[in-house]
Amino acid sequence: MAKNKRREERKKATLGHFDHDDFIEKLSKRIKALRKQQGFSSYELFAYDIEISRAGMSKYESGAFDDIRMRTLLKIIDGLGISPKEFFSEGFE
């Protein structure tokens with residue numbers, strides 16, 4: 001006797017709920033604005049202090065990147081002396 005079980009349709013993820021390029025631009029602007037606001041006038045010295053590449057930091061502030069590692073973003077946020085919650089509290093509406 002064959003079992004006649006129907007498989008439930010699985011929920012599928014979709015893209016297009018927000019503009020990824022816009023998010024990258026907001027991320028870049030937030031990093032640069034907070035760095036300056038916290039009194040770090042040079043992105044190069046800030047990058048050196050938090051042990052990330054200066055070239056990478058330049059890209060993160062200018063929006064000329066496609067991807068950022070979570071650990072790198074957390075280093076930047078930590079170096080700014082704030083929490084991730086504070087970092088994302090403005091500019092990401």
Side-chain angles (χ1 to χ4, degrees):
M1 183 182 248
K3 292 185 179 182
N4 208 4
K5 283 191 175 180
R6 281 187 129 189
R7 251 190 179 165
E8 272 188 48
E9 286 289 319
R10 74 173 183 86
K11 182 176 179 172
K12 295 181 181 179
T14 60
L15 297 174
H17 298 95
F18 67 94
D19 184 339
H20 298 198
D21 292 332
D22 182 55
F23 183 84
I24 294 291
E25 184 179 332
K26 288 176 181 179
L27 186 68
S28 294
K29 286 180 180 179
R30 183 77 168 144
I31 290 170
K32 187 173 185 175
L34 285 172
R35 176 184 54 78
K36 288 182 173 185
Q37 185 180 39
Q38 297 291 355
F40 300 104
S41 59
S42 166
Y43 78 84
E44 292 174 317
L45 292 176
F46 180 76
Y48 180 79
D49 290 345
I50 63 170
E51 300 176 350
I52 66 171
S53 78
R54 292 171 302 174
M57 189 68 189
S58 174
K59 288 179 182 181
Y60 303 143
E61 287 196 357
S62 67
F65 67 100
D66 293 325
D67 198 8
I68 184 171
R69 292 184 64 194
M70 181 61 74
R71 187 165 303 277
T72 302
L73 180 57
L74 292 175
K75 277 182 157 183
I76 292 169
I77 293 170
D78 192 21
L80 293 168
I82 61 175
S83 70
K85 182 177 180 179
E86 291 170 304
F87 181 85
F88 288 107
S89 69
E90 291 181 33
F92 295 94
E93 296 77 28

S.K.: Under 4.5 Å between side-chain heavy atoms, chaining through other members, with only Ile, Leu, Val, Met, Phe, Trp and Tyr counted: pull out the rest of the cluster around L74, sorted by chain and number.
M.R.: M70

S.K.: Is there side-chain contact between L27 and F87, with heavy atoms separated by less than 4.5 Å?
M.R.: yes

S.K.: Taking only residues two or more places apart in sequence or in another chain, which ones pass side-chain contact (heavy atoms from CB on, under 4.5 Å) with E86?
M.R.: I82, S83

S.K.: Go through the structure and list residues passing side chain to side chain donor-acceptor pair (under 3.5 Å) with D22, not counting sequence neighbours.
M.R.: K26

S.K.: Which residues satisfy the side-chain contact (heavy atoms from CB on, under 4.5 Å) test with E90, sequence neighbours excluded?
M.R.: R30

S.K.: Closer than 3.5 angstrom, by distance alone: can the side chain of S28 be matched with the main-chain N or O of I24 as a donor-acceptor pair?
M.R.: yes

S.K.: By side-chain contact (heavy atoms from CB on, under 4.5 Å), which residues pair with K75, not counting sequence neighbours?
M.R.: E51, I52

S.K.: So do M57 and I31 actually touch side chain to side chain, heavy atoms under 4.5 Å?
M.R.: yes

S.K.: When rounded to the nearest 0.5 angstrom, what distance separates CG in L34 from CG in L80?
M.R.: 5.5 Å

S.K.: Among residues two or more places apart or on two chains, list those pairs meeting side chain to side chain donor-acceptor pair (under 3.5 Å) that have a residue in residues 36-45.
M.R.: none

S.K.: Please collect all salt bridge (Lys or Arg N to Asp or Glu O under 4.0 Å) contacts where either partner lies in residues 60-69, sequence neighbours excluded, each pair once.
M.R.: R35-E61

S.K.: Got a sec, which residues hit side chain to side chain donor-acceptor pair (under 3.5 Å) with K29, two or more places apart in sequence or on another chain?
M.R.: E25

S.K.: By side-chain contact (heavy atoms from CB on, under 4.5 Å), which residues pair with F23, not counting sequence neighbours?
M.R.: F18, F88, F92

S.K.: Which residue pairs satisfy the ring pair (Phe, Tyr, Trp, His ring centres under 6.0 Å) criterion with at least one member in residues 62-85, sequence neighbours excluded?
M.R.: Y60-F65

S.K.: Which atom pairs, donor and acceptor, lie under 3.5 Å between side-chain atoms of residues 9-17 and protein residues at least two apart or in another chain?
M.R.:
residue, atom, partner, partner atom, Å
H17, ND1, T14, O, 3.4

S.K.: Tell me, please, which residues at least two apart from F40 pass ring-ring contact (aromatic ring centres under 6.0 Å, His included).
M.R.: F46

